[in-house]
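The block underneath contains the structure these notes are about, expressed in structure tokens.
None of these values were measured; they are calculated from a predicted model. In the text below, chain A, chain B and the rest are named by the order of the sequence lines, each starting its count at 1. These numbers come from the heavy atoms of this one structure, side chains and all, not from hydrogens, waters or symmetry mates.
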2 protein chains.
Amino acid sequence: MSNRDRILDLALTLMNEEGAEAANTTRIASALGISPGNLYYHFRNREEIVRVLFETLEVEFRAVLVEDVGPPIPPARFAAFYLRSFDLAWRYRFFFGGLLGLLRRDEELAARYRALQDWALAELERIAGQLVKDGSMSRPRGREGLRSVALNTWLIWMNWIRFLQISGKDVIQPADMAAGASQLFDVLAPYLDPAFEKSARRALARNLPR
Amino acid sequence: MSNRDRILDLALTLMNEEGAEAANTTRIASALGISPGNLYYHFRNREEIVRVLFETLEVEFRAVLVEDVGPPIPPARFAAFYLRSFDLAWRYRFFFGGLLGLLRRDEELAARYRALQDWALAELERIAGQLVKDGSMSRPRGREGLRSVALNTWLIWMNWIRFLQISGKDVIQPADMAAGASQLFDVLAPYLDPAFEKSARRALARNLPR
DNA sequence: GTCTATTTAGAGGAAACACTCTAGAAGGAG
DNA sequence: CTCCTTCTAGAGTGTTTCCTCTAAATAGAC
């Protein structure tokens, strides 16, 4: 593995475990046994490391949202989609944990994050709409029904891992992910076709992230 | 106003505007025109300032959750309760924005926060249960129905302001608070009695935070 | 084998920050 | 007036952190 990759790797681990601020250049370099000059050869500055990590997150995230939910959506794939998305959030938990601070310190990152978020919200709305079309779900009331459901899904999704960490859960287990998926489910539950819901929940309980 | 109060005041403003890390002791002292020694006379360290701010938040929060929701709960008071709670979250937004980092750096604060959160979750569940008893709401399905609804409410509540900030909203207006309250509403909406919901939404639209 | 581009080491500058220490002013109690 | 507590100033210490700069090692192209 190249030094560049080792830097990214360690930065991710460190940030995930102790927060985004914990991975300072000095620490990364010394833990890796390389010089600070070396680190700064590969990355212009600290922000760039975060930006590159965000890029990989973004690529993976878009893939999850697009690949896994082509119509029509069967319940098992729907459940797997939730679990996959939480797995991703877990692997990049540093990002969600310190999001506000990261975006404040890096205007470019902020712009890119916001674009991704807008896209995700539209996509979640599209997926919900698809479920309605599939006949797996009744349409939420109100002009903005679907949009609101998508937004609540997003809010819970992006904060579930953070909530676990805040609550003092140090080791997070598959069951915790499943609990998060279940919370997401409960946003849609009142609108879901009972057979679809039952089947999806069973898939969730089986707990297979693919 | 005593120097102690001025320190707390400025720390809160600074943290709200630029994040919890922005309010360093040097900056607070110099902005206030006092010496660092003076600041350290009033507070043992930086953490203590945050802890005191949290205490005032906690007191206010408990008051909102307890005072405003004695049974039975009429729709207008229910709406006002949501708006009041968002107003509080707004005034102490620094706390929610940097929560994970703050708790990581201060074990005592973490313990106190977690106790408050546990209490809040139980209280939200109690309120939902009260709505059911009042006949304003049908009971969510499942053994953990009420609990799940309470948890989703909590997750959205504690992250709504942060979501607005992350999304780049610099000036937050009453309409944004009402939108947050509406998102909270949509968690319960499928279970609410139509008349209750309509009436509560009207109260929300009227937008009076008391 | 030489030349050039890439990669690495490591010393160290510059600034930010939390906090300490000493000394003294201000104000109230007796 | 005197003493004691409360409050304030400001210099200064030690640490952390980001980042720069110079020089040298390494590796691939020709």
Length of the line joining [X]:[atom1] and [N]:[atom2], which is rounded to integer Å:
{"X": "A:Arg46", "N": "D:dC18", "atom1": "CZ", "atom2": "C1'", "value": "9 Å"}
{"X": "B:Asn45", "N": "C:dC17", "atom1": "CG", "atom2": "C1'", "value": "13 Å"}
{"X": "B:Glu47", "N": "C:dC17", "atom1": "CD", "atom2": "P", "value": "17 Å"}
{"X": "A:Arg105", "N": "D:dT17", "atom1": "CZ", "atom2": "C1'", "value": "12 Å"}
{"X": "B:Tyr40", "N": "D:dA9", "atom1": "OH", "atom2": "P", "value": "16 Å"}
{"X": "B:Glu21", "N": "D:dT16", "atom1": "CD", "atom2": "P", "value": "19 Å"}
{"X": "A:Asp5", "N": "C:dT7", "atom1": "CG", "atom2": "C1'", "value": "14 Å"}
{"X": "B:Leu39", "N": "C:dT20", "atom1": "CG", "atom2": "P", "value": "12 Å"}

Of the candidate nucleotides [options], which contains the atom at the shortest distance from the side chain of [X]?
{"X": "A:Ile34", "options": "C:dA9, D:dC19, D:dT8", "result": "C:dA9"}
{"X": "B:His42", "options": "D:dT8, C:dT7, C:dA18", "result": "D:dT8"}
{"X": "A:Tyr41", "options": "C:dT7, D:dT8, D:dG10", "result": "C:dT7"}
{"X": "A:Ser35", "options": "D:dC19, C:dG10, C:dT20", "result": "C:dG10"}
{"X": "A:Thr26", "options": "D:dC18, C:dC17, D:dA9", "result": "D:dC18"}

Any side-chain N or O of A:Asn3 less than 4.0 Å from the OP1 or OP2 oxygen of C:dT8?
-> yes
Pair B:Asn159, A:Arg162: side-chain N/O donor-acceptor within cut-off below 3.5 Å |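 Looking only at side-chain atoms, A:Arg162 and B:Asn159 do form a donor-acceptor pair, the distance falling under 3.5 Å.
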Between the side chains of B:Thr56 and B:Tyr92, is a donor N or O closer than 3.5 angstrom to an acceptor N or O?
->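 Yes.
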Start at the 5' end of DNA chain D and walk down; is the nucleotide closest to A:Gly37 or to A:Ala23 reached first?
->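 With A:Gly37 and A:Ala23 compared, the 5'-side residue is A:Ala23.
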Taking for each residue the nucleotide of DNA chain D bearing the nearest heavy atom, is the 5' side occupied by A:Asn38 or by A:Asn24?
->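 Residue closer to the 5' terminus by nearest nucleotide: A:Asn24.
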Please confirm whether B:Phe94 and B:Phe54 have ring centers closer than 6.0 angstrom.
->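 Centroid separation for B:Phe94 and B:Phe54: 6.0 Å or greater.
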Is there a side-chain contact between A:Arg105 and B:Glu21 (heavy atoms, below 4.5 Å)?
->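 Yes, side chains in contact.
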Please determine if A:Asp186 and A:Arg201 form a salt bridge, counting it only when a charged side-chain N lies under 4.0 Å from a carboxylate O.
->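 Counted as a salt bridge, because a side-chain N and a carboxylate O are separated by less than 4.0 Å.
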